[in-house]
Amino acid sequence: MAKMRWLLVLLALPALGAELQFEGEPYLAGAFKVVVTGVAETSGQATLVVLRTGEVIRVDLRCEGARLESPPIHARRPCDPDGDPSLSVELGDTIVAATDLGGGLSRTARVGAREPGVPALAFERWDNVEMEWVPAEEVEPALFRFVVADRSLDTTCERDSFVLPVAIGGEEFSLPLVEDAPASGTFGVEFVVALEPRDSALWLQLLTVEGDPLAAVPVEGGILIAARHGGETRQVPFAPLSVALGPSGLVLPVGCVGEVRVAEPEGADEVRWWVDGAPRSGGLGLPLFADAPRSASVVALVRQGLLWGRAETEVTFVPRVGLSFVDGATGARPAEPWPCSLEVLVRADGATGPVEVMVGRLGPDPRVQTLTLASAVDGAFVSAPIRPSDLGACAGEVLWAQFRDPRGCYTAYVILPLR
């Protein structure tokens, strides 16, 4: 009797080395097989059960070389193509396969996502001329979209969605991409890129098609819009309007008026000027009055069509040039009246570079000479030594020197009585 009990136990155990396997794990809209190895039988059946629904199918196992295998079994949703045999499943369902072969074998498998194929990520711009989507080479005010082709994200028979991480400048946010049609595996999202002046700065904005804000960053240096999916990265630079101001390094003496102009682009549609952070009125040019010695920061926000650009320049307001005569030997202020046979120098204070002055005597036949003043040790500009007598000026007469600002806004003048 004891021998009989041991025999029953042995008969209930699988044959040594016998195994049931899934060839190709079940995945949505895919097919798999049930394979049995290590048994003596040359045919048989397997039963498959979906635990969630209780659906049961039976498939024949036929000999293929050293193993038994089923025909392809389709794991399908209602929206997937028909297949026979097939099981109705959803993502995450558990399938049990069992057979009497080899003394009884079984195995379970979980239904996975669709095979992704080769995931692809595209960044496109709407071309208003050709009326079609084209690859985006750079970012500008326009309508854009991200498109992701990834069948593994198609999990239901509805239009699925997923979140795509996006970075712009130093800011990160998420864009929800929606499947363009049920079971298509292609996802997209459209958004608008716009530029907005905020005080003296430009901001790059990303908006939904309905106008809701997604992200905004100041336009500083090189800005990239970047996204990554499935090991693929798309990075597209922002291209602002190229703006140049002129003249470069403008210097204005106090009391003079100058102008900063938009040198590029030609024929801008709109210009907004800012001086030291305060808004100023102006067109393509901005008049500037030098009110006191200082540096002024000038910013121009320039629009052409939908595109904006920004440029900044420094304007320097300097004191007026002051002229004086100095003793050629000591550099001190000369005593008046000055001996006409002794040398004097013409000195220019407050000049930003070598200057030219005219020197002569008052009255008829002034015998005017033009002198170039070069820099001196103390930062002033001085002429070469001159004798008033060389200009025909002597006792009782007056020597004069004059500087004319190249812009024509003022004249500096000094005289020296002689004896």
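- To the nearest 0.5 Å, atoms CG (Leu342) and CG (Asp327) are separated by 7.5 Å.
- Between the CG atom in Leu371 and the CD1 atom in Ile386 there is a gap of 5.5 Å [rounded to 0.5 Å].
- Of the options Val89, Thr94, Ile57, a side chain to side chain contact (heavy atoms under 4.5 Å, CB included) to Val50 is made by Val89 and by none of the others.
- A donor-acceptor pair is defined here as one N or O able to donate and one able to accept, closer than 3.5 Å; such a pair exists between the side chain of Trp273 and the backbone of Gly283.
- In this structure a side-chain-to-backbone donor-acceptor pair under 3.5 Å is missing from Arg333 to Ala335.
- Counting all heavy atoms, side chain and backbone alike, Ser297 lies closest to Glu312 at OG-OE2, 2.7 Å.
- With Trp203 contributing its side chain and Pro218 its backbone, the two residues share no donor-acceptor pair below 3.5 Å.
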Test log, rule side chain to side chain contact (heavy atoms under 4.5 Å, CB included), inputs Val321 and Tyr410: CA-CA 9 Å; Val321 171; Tyr410 76 95; 3.5 Å; yes

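- The CZ atom of Arg404 sits 4.0 Å away from the CE atom of Met358 when rounded to the nearest 0.5 Å.
- Remark: aromatic rings of Phe146 and Phe191 are close, center separation under 6.0 Å.
- In this structure, Arg77 pairs ionically with Asp80, as a charged nitrogen and a carboxylate oxygen lie closer than 4.0 Å.
- Checked by atom type, the side-chain pair Asp269/Gln304 shows no donor-acceptor distance below 3.5 Å.
- Between His229 and Phe187, the distance from one ring center to the other does not fall under 6.0 angstrom.
- Distance alone, capped at 3.5 Å, is enough to place a donor-acceptor pair between the Arg320 side chain and the Val254 backbone.
- Judged by distance alone, the side chain of Arg76 and the main-chain N or O of Pro81 form a donor-acceptor pair under 3.5 Å.
- Ion pairing between Arg107 and Glu19 holds under the 4.0 Å rule for side-chain N and carboxylate O.
- Atom-to-atom distance recorded for Arg159:CZ and Asp154:CG is 12.0 Å, nearest 0.5 angstrom.
- A donor-acceptor distance shorter than 3.5 angstrom exists from the side chain of Arg234 to the backbone of Leu121, with no hydrogens or angles considered.
- The backbone N or O of Thr411 sits nowhere less than 3.5 Å from a side-chain atom of Asp405 that would complete a donor-acceptor pair.
- Across all their heavy atoms, Val39 and Gly102 have their closest contact at CG1-CA, 3.6 Å.
- Between Lys33 and Glu64, no side-chain nitrogen of the basic residue sits less than 4.0 Å from a carboxylate oxygen of the acidic one, so the salt-bridge criterion is not met.
- Contact annotation: the side chain of Leu87 never approaches that of Asp93 to less than 4.5 Å [non-hydrogen atoms, C-beta and beyond].
- With rounding to the nearest 0.5 angstrom, the CG atom of Leu416 is 10.5 Å from the CG atom of Leu362.
- Note that CD1 of Ile95 is 6.0 Å distant from CZ of Phe22, once rounded to the nearest 0.5 Å.
- Considering every non-hydrogen atom in both Ala109 and Glu25, the closest pair reads CB-OE1, 3.6 Å.
- Checked by atom type, the side-chain pair Glu264/Ser242 shows a donor-acceptor distance below 3.5 Å.
- Residues Ala194 and Leu207 come closest through the heavy atom pair CB-CD1, 4.4 Å.
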Given salt bridge (charged side-chain N to carboxylate O under 4.0 Å, His left out), test Arg347 with Asp378 step by step and report yes or no. CA-CA 11 Å; Arg347 174 181 172 127; Asp378 59 358; 2.9 Å; yes

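- Of all heavy-atom pairs spanning Pro197 and Leu301, the tightest one is CB-CD1, 3.8 Å.
- Side chain of Thr99 to backbone of Gln45: a donor-acceptor contact under 3.5 angstrom is found.
- The closest donor-acceptor contact from the side chain of Glu138 to the backbone of Pro237 lies at 3.5 Å or more, if one exists at all.
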